[in-house]
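Below is one structure, written out as structure tokens, with a few remarks after it.
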2 protein chains.
Amino acid sequence: MKRNSRLSSTLHILVHMADAPDRALTSEQLAGFIHTNPVVVRRTIAGLREAGIVTSSRGHGGGWQLGRAPDKISLAEISAALGETLLPFSTESESPGCLVEQAVIAVLDDFRLEAERLLTERLSHITLADLTADFRRRYDLIGVSSHAV
Amino acid sequence: MKRNSRLSSTLHILVHMADAPDRALTSEQLAGFIHTNPVVVRRTIAGLREAGIVTSSRGHGGGWQLGRAPDKISLAEISAALGETLLPFSTESESPGCLVEQAVIAVLDDFRLEAERLLTERLSHITLADLTADFRRRYDLIGVSSHAV
DNA sequence: GTTTCATGTAACTTAGTTAGTTACGAATAA
DNA sequence: TTATTCGTAACTAACTAAGTTACATGAAAC
């Protein structure tokens, strides 16, 4: 799992979970999908459990399942549950007394607030169901082209 | 200079340069404003020179100046010249053959493209002149309140 | 022309972040 | 009671970016 790919890795995992709604998938299996370690998976999606996006169960037959229907899970919620920042730049003051810095931070914070609102709004309209639908489209296409050949 | 504060630090520097349009400021002076090292400053704003946002001159009386009027320099250009990414998450494929991954990346890339367009559009409407104006407002306010007390 | 000052840049060091790993306790089903 | 699986702490390794040192290049002042 590469740096900065927590969102896409998590989505990958979640689509697999949506594709197997009747059984729990283990951290081991999920880790296999994104070529990483089970502990990394558990650590990464721990926040999703707290947000109710997934549930986990221990012991025999245990593992991970979606907490609700895929069309009720938006990318905005997932991103937030991962603790991801949509905007990368920092606006903490390093010399609080400086009026120039105050002006810069004020403008940048305004922008950040508005930008975060915009991005979150857009992400809230994309659901896990959209991703699984896209996946199925690709899957069917391959099937058709295999037949054709 | 903290991590992830290259944009705000650079803006800080540029406002100081806009505030002294008649003389060149040295890396040493600029570094003082943001509490860092002259070499870090030179390295950070090297890209701005290539973009024509600032000019530099060597030797006696040398240093840095704005390349054009503050109202002709947008935050979008500055951010681009710094090589900053507006969106932090990566969408490189780690298992290119996987249809689930392809679907995830397709959706995420769509979002990223649209988001980058939106943010850039907004940043292109904020200029250095807006920042200096905000700074002057704060400066005058302090002046007034000092008088009042 | 020599001195002084300033940038340009390479090379190295240091600090911080995050993924990966190991280990083990707690919970649960067979 | 045993096998399985999560939860989590602790540690290691890899990577990134800032900070630092050093020195070559260029330009103004004398």
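Residue numbering restarts at 1 for every chain, and letters A, B, ... go by the order of the sequence lines. Computed from a predicted structure; not experimentally measured.
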> Can we say B:D140 and B:R136 salt-bridge, meaning some charged N sits less than 4.0 Å from an Asp/Glu carboxylate O?
Replying inline: no
Distances under 3.5 Å only, N/O to N/O: pair up the protein atoms with those of nucleotides 23-26 of chain D.
from: D:dT25; atom 1: O2; to: B:R58; atom 2: NH1; distance (Å): 2.4
from: D:dG26; atom 1: N2; to: B:G59; atom 2: N; distance (Å): 2.9

>> A side-chain contact here means heavy atoms from C-beta on lying under 4.5 Å apart; do B:L82 and B:I78 qualify?
In response: yes
> Rounding to a whole Å, what distance do you find between A:N37:CG and D:dG7:C1'?
Replying inline: 14 Å
> Within 45 degrees of the axis of the six-membered ring of B:F111 and under 6.0 Å from its centre: does A:R122 put its NZ or CZ there?
Replying inline: no
>> For the CD atom on A:E92, are there more than 12 heavy atoms of other groups (residues, nucleotides or ligands in this structure) within a distance under 6.0 Å?
In response: no
>> I want to confirm an ordering. Mapping A:G61 and B:N4 to their closest nucleotides on DNA chain D, which one lands closer to the 5' end?
In response: A:G61
>> In the structure I gave you, are the side-chain heavy atoms of B:M1 and B:V41 within less than 4.5 Å of one another anywhere?
In response: no
>> Please check if the number of heavy atoms outside A:E28 that lie under 6.0 Å from its CD is greater than 12.
In response: no
>> Would you say OH of B:Y139 has more than 12 non-hydrogen atoms from neighbouring residues, nucleotides or ligands within 6.0 angstrom?
In response: no
>> Once side-chain hydrogen bond (donor to acceptor under 3.5 Å, both in side chains) is applied, do any residues pair with A:S74, and if so which ones, sequence neighbours excluded?
In response: A:E77
> Does anything in residues 5-15 of chain B reach DNA chain D, meaning a heavy atom under 4.0 Å, and if so which residues?
Replying inline: B:R6
> So do the side chains of B:R68 and B:I53 get within less than 4.5 Å of each other, counting heavy atoms only?
Replying inline: yes
>> For a 4.5 angstrom cut-off between non-hydrogen side-chain atoms, does B:M17 reach B:L14?
In response: yes
> Listed in order of residue number, which residues of residues 45-55 of chain A have a non-hydrogen atom at under 4.0 Å from DNA chain D?
Replying inline: A:R49
>> Within the 4.0 Å limit for protein heavy atoms, which parts of nucleotides 11-16 of chain D are touched? Write it as a string from 5' to 3', B for base, S for sugar-phosphate only, - for none.
In response: -----B
>> Under a 3.5 Å distance rule, please check whether A:R112 uses its side chain to pair with a backbone N or O of A:F89 as donor and acceptor.
In response: yes
>> Using modelled atom types and a 3.5 Å cut-off, is there a donor and acceptor pairing between side-chain atoms of A:R137 and backbone atoms of B:A103?
In response: no
> Is B:Q65 reaching over with its side chain to a backbone N or O of B:V54, donor-acceptor style, under 3.5 angstrom?
Replying inline: no
> Are any of the side-chain heavy atoms of A:W64 and A:R42 separated by less than 4.5 Å?
Replying inline: yes
> Closer than 4.0 Å, any side-chain N/O of A:S27 to the OP1 or OP2 of D:dC6?
Replying inline: yes
> Along DNA chain C, 5' to 3', what are the outermost nucleotides having an atom less than 4.0 Å from a heavy atom of chain B?
Replying inline: C:dT4 to C:dA11
> Is there a side-chain contact between A:E84 and B:P88, using heavy atoms and a 4.5 Å cut-off?
Replying inline: no
